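Inspection log for the structure reproduced underneath, given as structure tokens.
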Amino acid sequence: MNEKEELHAPLVSRDTGSGADFSKSVLIKALAKFNDEDSEELRKSWEGESFVRHYERRVLTSIESYRTVGILSLVALPLGIAIGLVEVIFASGLAFVTKTRLSNPVVLTSFLPLAGIFIALLYKEFGKGTERGMNLVFEAAEEKASVPLRLAPLVMISSWLTHLCGGSAGREGVAVQIGATIGDQLGRLFKKISPLFQNSRDTFIVCGIAAGFAGLFQTPLAAIFFSLEVLVCGELKYKSLFPAVVSAFSAQLVAHYFGLSGYHVWVHAVKFTPNLLWKLLLLGLLFGLSGAFFSVSLKHTKRFLSRTFKNPVVRSFLCGTILSLAFIFLHGGRYSGFGEEITHASLQGGDIFAYDWILKLVLTVFTLSAGFQGGELTPLFAIGSSLGAAVATFLSLPPEFVAALGYSALFGSATNTFLAPILIGFECFGAENLPATVVVCAVAFFANFGRSIYGSQKKLGV
């Protein structure tokens, strides 16, 4: 009997054995003709164990996975609440020191060198192992390191001092580090308690990042996808999706309840036409290259200053002196702090100088490279929006519209993320600009040459 006849023969008892055994052998031969993974897996299951037993194991595995996600989501709720409360304390401190500085900018900015000395000594005494900041978070997600609990108060105090004395820095880096620190500590604790959490440490860190971002910026959608895509470019950690959703929204709601508010401005959309499309492609290229320039400048300036001034105390003092003079004499503190004055002016038709974006970029890079603490995102919002407003006239587009695109796209380019900047544009400026935002952010993402402000960010297929 040939192979074809054998496959179609009645499944009854033969000389070779029972009808059931023969049926099994025929099915195995039939499945062998297929190359897809399911057929191969099914064939092997017939050879080694019963069909029912194989699928029973798969169902049990799926149930176990859902059980783990469910428990992690329950844990993410108090985690988000706790991080939200810490973010309220941090943001309240930032608001206080910023208001204090603005009441007497020249005097307080002149103390920036002394603040640099204090921060350097603080890290020398208490910050051993925490100097890598955000890079430590990336390493912890791969279980190559742990994030010490003392990192959170260290970055909070150092950031308050930086802003009190007029340094050009942001707040998101601190917020994300606070969230990741708490998340990592909780993840390590649960890993010791139960084997159920042996492979969940990165999920705790993702939840911490999402909660820290959402609590401070009040943009939970952007926070969720930022946490999912920032650790590894080209990979979304979907196993952490639902816990991240829970932690982000819980942190956002708690922080909002205690008075934190996000930045929301209605920006009139421009009709999407072929003429607009080529302008958007050009803007995406511009913002992508600008983000790459920021990332590369930050990396090499940090390296240069650390090699030139090996003593961090000396480095912070000398750089702080230069920075304080620059901040005082360049429009009386216009480039100090977050740069919100520049962002507001760009998005609401205020006065913008053509060089605002480059001065804010240079001073932010110099501030962070000198050892002062804070984030990069809020200055990036100022840089992107002011650059957009400056070039809008050349493209015959409304300055507010292009400023909103720059706000989102430069953030995406510098962090090497794609979905988060689109969503932050949606949450801050509304849905009308979403098509233009997607185009500009897509081009900016691919035009940044894979550069990122996070040196330890992994890249897969991008």
Side-chain angles (χ1 to χ4, degrees), residues 37-38 41 54-84 134-147 176-215 219-252 415-423 452 454 456-462:
E37 293 180 2
D38 288 340
E41 186 178 358
H54 168 72
Y55 275 95
E56 179 185 7
R57 190 176 74 250
R58 291 184 65 175
V59 170
L60 290 174
T61 302
S62 298
I63 292 173
E64 187 70 15
S65 298
Y66 281 113
R67 176 169 169 258
T68 303
V69 171
I71 295 174
L72 285 170
S73 299
L74 290 175
V75 174
L77 180 61
L79 175 63
I81 292 172
I83 293 172
M134 273 299 296
N135 288 326
L136 193 62
V137 173
F138 284 83
E139 293 168 12
E142 297 180 22
E143 301 200 30
K144 294 180 179 179
S146 60
V147 186
V176 168
Q177 287 179 61
I178 292 170
T181 299
I182 298 173
D184 185 48
Q185 291 295 318
L186 194 63
R188 292 173 64 196
L189 176 63
F190 272 77
K191 186 175 180 179
K192 293 177 182 177
I193 293 174
S194 171
L196 186 68
F197 303 102
Q198 289 301 307
N199 299 315
S200 300
R201 188 174 167 190
D202 59 337
T203 296
F204 281 97
I205 293 176
V206 166
C207 289
I209 293 173
F213 196 112
T219 53
L221 297 180
I224 291 164
F225 283 92
F226 179 77
S227 67
L228 293 175
E229 66 178 330
V230 72
L231 294 176
V232 182
C233 179
E235 175 186 90
L236 286 174
K237 293 185 174 292
Y238 279 124
K239 72 168 188 174
S240 307
L241 175 60
F242 198 70
V245 169
V246 174
S247 65
F249 276 100
S250 58
Q252 184 262 329
T415 58
N416 207 23
T417 57
F418 173 59
L419 297 174
I422 292 172
L423 289 168
S452 174
Y454 307 124
S456 294
Q457 183 187 56
K458 274 194 168 184
K459 301 172 182 64
L460 293 180
V462 179

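Starting from 1, each residue takes its place in the sequence as its number. From a predicted model like this one, the values you see are computed outputs, not experimental measurements.
Contacts of Phe138 classified as ring pair (Phe, Tyr, Trp, His ring centres under 6.0 Å), with partners at least two apart in sequence or in another chain: Tyr454. Contacts of Glu142 classified as salt bridge (Lys or Arg N to Asp or Glu O under 4.0 Å), with partners at least two apart in sequence or in another chain: Lys144, Lys458. Taking Ser452 as the reference, Gln457 meet the side-chain hydrogen bond (donor to acceptor under 3.5 Å, both in side chains) condition, with sequence neighbours excluded. Residues meeting the side-chain contact (heavy atoms from CB on, under 4.5 Å) test with Ala210, sequence neighbours left out: Ser227, Ala244, Ser247, Ala248. Every residue meeting the side-chain contact (heavy atoms from CB on, under 4.5 Å) condition with Ser250, not counting sequence neighbours, appears here in chain and number order: Leu77, Ile81. Qualifying side-chain contact (heavy atoms from CB on, under 4.5 Å) partners for Ala223, counting only residues two or more places apart in sequence or in other chains: Phe213, Ala214. Remark: Thr219 pairs with no residue by the side-chain hydrogen bond (donor to acceptor under 3.5 Å, both in side chains) rule, at least two apart or across chains. Among residues two or more places apart in sequence or in another chain, the salt bridge (Lys or Arg N to Asp or Glu O under 4.0 Å) test is passed with Lys239 by Asp202. Gln177 is linked by a side-chain hydrogen bond (donor to acceptor under 3.5 Å, both in side chains) to nothing, counting only residues two or more places apart in sequence or in another chain. Under the side-chain hydrogen bond (donor to acceptor under 3.5 Å, both in side chains) criterion, Thr417 pairs with Thr415, not counting sequence neighbours. Legend: residues meeting side-chain contact (heavy atoms from CB on, under 4.5 Å) with Leu419, ordered by chain and number and at least two apart, are Phe225, Glu229, Leu236.
The side chain to side chain contact (heavy atoms under 4.5 Å, CB included) with Phe226 is formed by just one residue from the set Leu228, Val230, Ile224; it is Val230.
Atoms OG1 and CG, on Thr203 and Leu241 in that order, are 10.5 Å from each other to the nearest 0.5 Å. In this structure, the separation between CD1 on Ile178 and CD1 on Ile83 is 9.5 Å, given to the nearest 0.5 Å. Rounded to the nearest 0.5 Å, atoms CZ (Phe204) and CG (Leu79) are 7.5 Å apart. Taking CG from Leu186 and SG from Cys207, the interatomic distance works out to 9.5 Å, rounded to the nearest 0.5 Å.
Contact record, Ile205 with Ala140: CD1-C, 3.5 Å, taken as the closest heavy-atom pair. Counting all heavy atoms, side chain and backbone alike, Cys233 lies closest to Asn416 at SG-ND2, 3.3 Å.
A side chain to side chain donor-acceptor pair (under 3.5 Å) check over residues 184-193, counting only residues at least two apart or in different chains, returns the pairs Glu143-Lys191, Asp184-Arg201.
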